[in-house]
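This report concerns only the one structure given below.
Letters go in sequence order (proteins before strands), and every chain restarts at 1.
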Amino acid sequence: MSKFYITTPIYYVNASPHIGHAYTSIICDCMARFKRLGGEQVYYLTGTDEHGEKVNQAAKASGEDVSGFVDRVVGNFKKLWKDLDVSYDFFIRTTQNEHKEVVRKVITLLHSKGDIYKAKYQGFYCMPCESFWTPTQVKDAGGVCALCKREVEKIEEENYFFKLSKYEGWLKSYLKKNPSFIQPKTRYNEVKGFLDNNVLADLCISRPKSRVSWGVEFPLDASYVVYVWFDALINYISAVGYGSDDDKFKQWWPADLHLIGKDILRHHAIFWPVMLHALGVSLPRVIFAHGWWKVEEEKMSKSKGNIVNPYTLIKDVGTDALRYFLLREISPGADGNFSYKAVVNRINSDLANDLGNLVYRTLNMAQKYFDGKVTARKCSLPAQFKKTLAPLAQNYAKYMDSLNFPAALDLVFAFVRVMNKYIEDTKPWALWKEKETSRIEEFLYALLEGIRIVSVYLYPFMPAAAQAILRQLGLKEELLSLRECKWAQKETYSIKKEKPLFPRIDVD
RNA sequence: CGCGGGGUGGAGCAGCCGGGUAGCUCGCAAGGCUCAUAACCUUGAGGUCGGCGGUUCAAAUCCGCCCCCCGCAACCA
């Protein structure tokens, strides 16, 4: 049995989760569930990044002590994942001792290998960004922080540096040899372009406690804490036993997929691979950066006040419909536009009209005509089913593996539409008047089999709906496996019809 | 000449790598049906594939030039 280790970024806890966080975790959840459907052993890691001055300040701003504050925000994240049916296997917090231990081990090891050194640093520091700038960088930016354009502070202090520069050549050749390491392709090009146009400077990985107090204490020098990103990235290995549980680490590492947002591409595509290489640890197989949701064509931002709250959406449309919208509307590399109109439109046409109505009308006929008991009769696969089911079976996994969720769903819904058409073409209401009961039963059996198969394919996207379908077909959840996507697996159906899966949403 | 995306019927997108009748969803129009969530099914209207030029028997797809839009600040997936 093969394994699949998938990760979200660890979310920064200076504020509560919004739709973007939900999107990232839902993508990973869809992948994780898809892999489980295929019988793979999955380890789905998520968690929180809790150090750094910004967290400290956020805690102060809300009048809480830091550890109470982070606990509370972490609670918000965990609750959201529960409500969104995010099936992670482990939740790591960078404030956990186990993690901090590993961070210290990593630094000690890199130091012993000669990749960390202490140096006096002269330059400029941007407090809010926790970033250093050389005089040239500040000058180019016009005398301010090159990132945020705010005032910088001239500083001269000693810090610890990680020798990124030493590995620049290695990283370039690694990327050249592994063109699928960073996905999608545009992001790969971006990283390559960045490396071609810039010289990698060594990375400052310590912060004096006088300035940043909330962090992992630097192992070589108690007057410093570890730079928050250096601490954070290590979660991907500390969570699976690096430096503490060799068997576990061997079982799961390397990660098969680091899913990230495009904003943190450089940390994952440059710092992280070099850190691992310097440690002598193998690299993750794929780093995939997804796009961003715009809201009504505008960038989502706190300052614009247009942050979409996932809880409001769960309340309005439900978890499955929200997951479906986010995964169906755009494929993960691209940016997308979020609007309530688009959400409602998508739900009504795909979920209520096509899928929900198909299930409802089919079950209704099964009850009306056969009192809910439908048995296989000459259950050969209708020709029109075969025509769409074959490409579905053939390409579903391929699309899922490449995170092309819209393409996978298109295939599934093409089959849903074929079944709706099959009902029109067969005209069961006419057959009923002619007392052609055995033909109707054959027809209904075909539909029930088709719906059963659809429920399996939809499970990664809408786990609760898939389970509800199986339940109404009188089947057990264990049948959620790609192996079950074959025709005529069941002999009898005992229908237990419930309310429509997805009620239409009326807009006022 | 900074870097990276993008410009395809009313809207949103796929197709472009490996040229060969322009595809999907929504919307719109007409019709059909009634098992069904005013749902479903059929048919139709609607595109000089940003512009110009080149390669080719043939270009949305390859090459060159040009125009326009977005990101490459912060909060932040």
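- Using modelled atom types, one finds a donor on one side chain and an acceptor on the other under 3.5 Å when comparing A:His258 with A:Thr7.
- Ranked by how close their nearest RNA chain B nucleotide is to the 5' end, A:Ile307 and A:Phe194 are led by A:Phe194.
- Nucleotides B:rG9 and B:rA22 place their C1' atoms 10 Å apart, quoted to the nearest Å.
- For the C1' atoms, the distance linking B:rC68 with B:rC26 amounts to 27 Å, nearest Å.
- Distance A:Trp229 CH2 to B:rA77 C1': 11 Å, rounded to the nearest Å.
- Going from atom NZ of A:Lys262 over to atom P of B:rC76 covers 17 Å, rounded to whole Å.
- When side chains are defined from C-beta on, A:Phe230 does not count as touching A:Phe271, because their heavy atoms never get closer than 4.5 Å.
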Assign a letter to each nucleotide of nucleotides 26-37 of chain B from its 5' end: B, base within under 4.0 Å of a protein heavy atom; S, sugar-phosphate only; -, no contact.
S-----BSSBBB
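- A gap of 7 Å separates the C1' atoms of B:rA14 and B:rG23, to the nearest Å.
- Taking atom C1' on both B:rG7 and B:rC66, the two are 14 Å apart, rounded to the nearest angstrom.
- The C1' atoms of B:rG44 and B:rG51 are separated by 32 Å, rounded to the nearest whole Å.
- In terms of the side-chain contact (heavy atoms from CB on, under 4.5 Å) criterion, residue partners of A:Gln183 (sequence neighbours excluded) are, by chain and number, A:Ser180, A:Val286, A:Phe288.
- Residues A:Asp410 and A:Arg328 have side chains in contact (heavy-atom distance under 4.5 Å, counting atoms from C-beta outward).
- Contact annotation: A:Asn189 reaches the phosphate of B:rG5 (side-chain N/O to OP1 or OP2, under 4.0 Å).
- For A:Lys78, there are no side-chain hydrogen bond (donor to acceptor under 3.5 Å, both in side chains) partners two or more places apart in sequence or in a different chain.
- Contact annotation for A:Trp293: base contact, defined as any heavy-atom pair under 4.0 Å involving a base atom.
- Atom NZ of A:Lys421 and atom C1' of B:rU43 are 11 Å apart (whole Å).
- For the pair A:Leu363 CG and B:rA39 P, the interatomic distance rounds to 20 Å; values are reported in whole Å.
- Against RNA chain B, the stretch residues 19-27 of chain A makes heavy-atom approaches under 4.0 Å through A:Gly20, A:His21, A:Thr24.
- Rounded to a whole Å, the CD atom of A:Glu329 is 11 Å from the P atom of B:rG12.
- Straight-line distance between the C1' atoms of B:rU25 and B:rU21: roughly 22 Å, to the nearest whole Å.
- Side-chain proximity of A:Pro9 to B:rG5, B:rC75, B:rA77: nearest is B:rA77.
- Stem analysis of RNA chain B (Watson-Crick or G-U pairs, both distances under 3.5 Å, runs of at least three) returns B:2-7 with B:67-72, B:10-13 with B:23-26, B:28-32 with B:40-44, B:50-54 with B:62-66.
- At a cut-off of 3.5 Å, with distance as the only test, no side-chain donor of A:His51 or A:Asn56 sits close to an acceptor on the other residue.
- Look at CZ on A:Arg266: it is 11 Å from C1' on B:rG4, rounded to the nearest Å.
- Seen from the ring of A:Phe338, A:Lys294 does not count as a face-on cation partner, given the 6.0 Å and 45° thresholds.
- Across the C1' atoms, B:rC17 and B:rC52 are found 25 Å apart, a figure rounded to whole Å.
- You'll find the side chain of A:Val317 stays beyond 4.5 Å of the side chain of A:Phe502, heavy atoms only.
- Contacts classified as side-chain hydrogen bond (donor to acceptor under 3.5 Å, both in side chains) and involving residues 308-323 of chain A (residues at least two apart or in different chains) are given here: A:Asp29-A:Arg323.
- Salt-bridge check for A:Arg187 with A:Glu190: passed, with a basic side-chain N closer than 4.0 Å to an acidic carboxylate O.
- A:Pro391 is not listed as a side-chain neighbour of A:Phe415, based on a closest heavy-atom distance of 4.5 Å or more.
- As rounded to whole Å, 13 Å separates atom P of B:rA74 from atom CD1 of A:Ile264.
- We find that CG of A:Asp425 is positioned 11 Å from C1' of B:rC40, with the value rounded to whole Å.
- A salt bridge links A:Arg471 with A:Glu498: the distance from a Lys NZ or Arg NE/NH1/NH2 to an Asp or Glu carboxylate oxygen falls below 4.0 Å.
- Within the 4.0 angstrom heavy-atom criterion, only backbone atoms of the sugar-phosphate kind lie near A:Asn14; the bases stay farther away.
- Taking atom C1' in both B:rC13 and B:rC49, the straight-line distance is 13 Å, to the nearest Å.
- A salt bridge does not link A:Lys490 to A:Glu449: none of the charged side-chain nitrogens sits closer than 4.0 Å to a carboxylate oxygen.
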